[in-house]
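The structure under discussion appears below in the form of structure tokens.
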Amino acid sequence: MGFQKVAIHSFKGGTGKSNLTASMAAVLATKGRRVGILDLDLTAPGQHEIFRLDQGKVRATFDDFLWGHCAIEETAVDVTPQAKAKGGRLYLVPASMKLEDIQRVLKRGYEVAQFASGLSRLEEARDLDMLLLDTHPGIGEDSLLALAASDVIYVCFLMDRQHYTGTAILLELADMMGKDVRLIVNKVPTHYSPQEVREKVEDRFGRPVAAVIPFEQEVMATESSEVVALTRPSTHFSAEVHRIVEGLSGGKKGAG
Amino acid sequence: MAGKMRRQEALDRVLGSLLEETGVSATVLLNNRGQLLAHRMPSGWDKETVGAMAATLGGSGAKVAGALGLGLSRMAILDCERGELLVVVFGDLMLTAILAPENVNLALATIGMRRAVEEIQAILDLRPMDLKIDRQQVADVVREIRESDFGRSILDQLGGKG
């Protein structure tokens, strides 16, 4: 199995996508993989907070690459020490927090060809096994582009009526693109039985559920300032992230 | 206020039925911070102490289950020399039952507690899952995207699927 691109996506924001992405990548790195995270939520970036990157010290962001200011490999920051992901390597390609960059993306979008070539070059330059794409929520062009570029898509959602129809739309689009798509139900109210949630969601959406993650005060209290799957191993969140990662058999080195 | 009173009465009634029908000696309904919602127990028992002990047992069970990757804990049982202590965890709530040795019928108590939990969930309006999907809207939006210039170009690049 070769290099694998995995999108973590959702119809609505606030599903815990970024924290899931960071934790999945870090767990993969602890299993000896060389993993990259690309913060594609270009209008509302957040990965740099989870890894506590000082934006002032970031040399270049993904936005700089998109506008032709630098090579993609210059944007990849080695966050292996921050994540305490011993064993493998973990790189983060952060997005810009500068207002002018965010407005530029909103106004002009970006070139498909530039995006695709960047992913390939990043794989080569850092010898990556996997690249996790923390996408911009919704069904906009940038989101669809990220889904189209991925081999596996995890669609996250909450037990909330605002999420159901949008999630079903994403699943149809992923099917149309011929992608391997799996569901993650996050922040599930704790009075629901996870098994019952899993069965009902699989029945209603007709797709496999990779994880049902209960709402946990301890996870919320981290305020997205740490890689929860590594720092809080006794949480249900951490256990479910490990379960998700075990289901990812791809990458150059095979199952971890 | 009247609704709150009726809710309290309904919870008391559920716990009363649990005592009468299953041989449970005492029962306490509390949240995971140890605050009591309802209780039924013999005079002379300290409901606060029973509640705090039960919350500790239920909370520890949940932590252990999480750490071992066993999922959410549903029930903790403390098998003692002079009886049994059962704690059913459901969401932020715990229902505790104490059985004296002469009344111990674990199976009956377990079934009774599960039924009580369902009734408590209904009283507290903990709704069942909805998962309502507007299939027509899904079809309309997907068609719109597929027929857009951007959608067509993406599908072309992927080999003309769809």
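Numbered from 1 within each chain, the chains take letters A, B, ... in sequence-line order. All values reported here derive from a predicted model rather than from experimental measurement.
Residue with the most contacts toward chain B among A:G166, A:S234, A:A239, A:A168: A:S234 (heavy-atom pairs, distance under 4.5 Å).
When all heavy atoms of B:R146 and A:M176 are compared, the pair lying nearest together is CD-SD, 3.6 Å. In plain terms, the two heavy atoms of B:V138 and A:I169 that are nearest each other are CA-CG1, 3.7 Å. The nearest pair of heavy atoms linking A:L145 to B:F150 is CB-CZ, 4.3 Å. When all heavy atoms of A:M177 and B:I154 are compared, the pair lying nearest together is CE-CG2, 4.3 Å. Nearest heavy-atom pair across A:R204 and B:K132 is NH1-N, 4.2 Å.
Within 6.0 Å of CD on A:Q217 lie no more than 12 heavy atoms contributed by other residues, nucleotides or ligands. Residue-environment remark: CD (A:E223) stays at or below the threshold of 12 foreign heavy atoms within 6.0 Å. Counting heavy-atom neighbours within 6.0 Å of A:Q114 CD, excluding the residue itself, gives a total above 12. Counting non-hydrogen atoms of other residues, nucleotides and ligands closer than 6.0 Å to CZ of B:R74 gives a total of 12 or fewer. The environment of CE in B:M53 is sparse: at most 12 heavy-atom neighbours from other residues, nucleotides or ligands sit within 6.0 Å.
At a 4.5 Å heavy-atom cutoff, the contact between B:A62 and chain A is made by backbone atoms alone. Both the backbone and the side chain of A:E196 come within contact range of chain B, each with at least one heavy atom under 4.5 Å from a heavy atom of that chain. For a residue to count as touching a neighbouring chain, one of its non-hydrogen atoms must lie under 4.5 Å from one of that chain's; by this rule A:L170 does not touch chain B. For a residue to count as touching a neighbouring chain, one of its non-hydrogen atoms must lie under 4.5 Å from one of that chain's; by this rule B:I145 touches chain A with the side chain only. Using a 4.5 Å cut-off between heavy atoms, A:P214 touches chain B through its side chain atoms alone. Neither the backbone nor the side chain of A:V212 comes within contact range of chain B; no heavy atoms are under 4.5 Å apart.
Scanning residues 146-156 of chain A against chain B with a 4.5 Å heavy-atom cutoff picks out A:A148, ordered by number.
Put simply, the side chain of A:T165 never gets that close to the backbone of B:I133: no donor and acceptor are under 3.5 Å apart.
For A:R161, the salt bridge (charged side-chain N to carboxylate O under 4.0 Å, His left out) partners at least two apart in sequence or on another chain are B:D130. Partners of A:T235 by side-chain contact (heavy atoms from CB on, under 4.5 Å), not counting sequence neighbours, listed by chain and number: A:E216, A:E218, A:V219, A:V228, A:R232, A:F237, A:S238.
The stretch residues 80-89 of chain B participates, sequence neighbours left out, in no salt bridge (Lys or Arg N to Asp or Glu O under 4.0 Å) pair at all.
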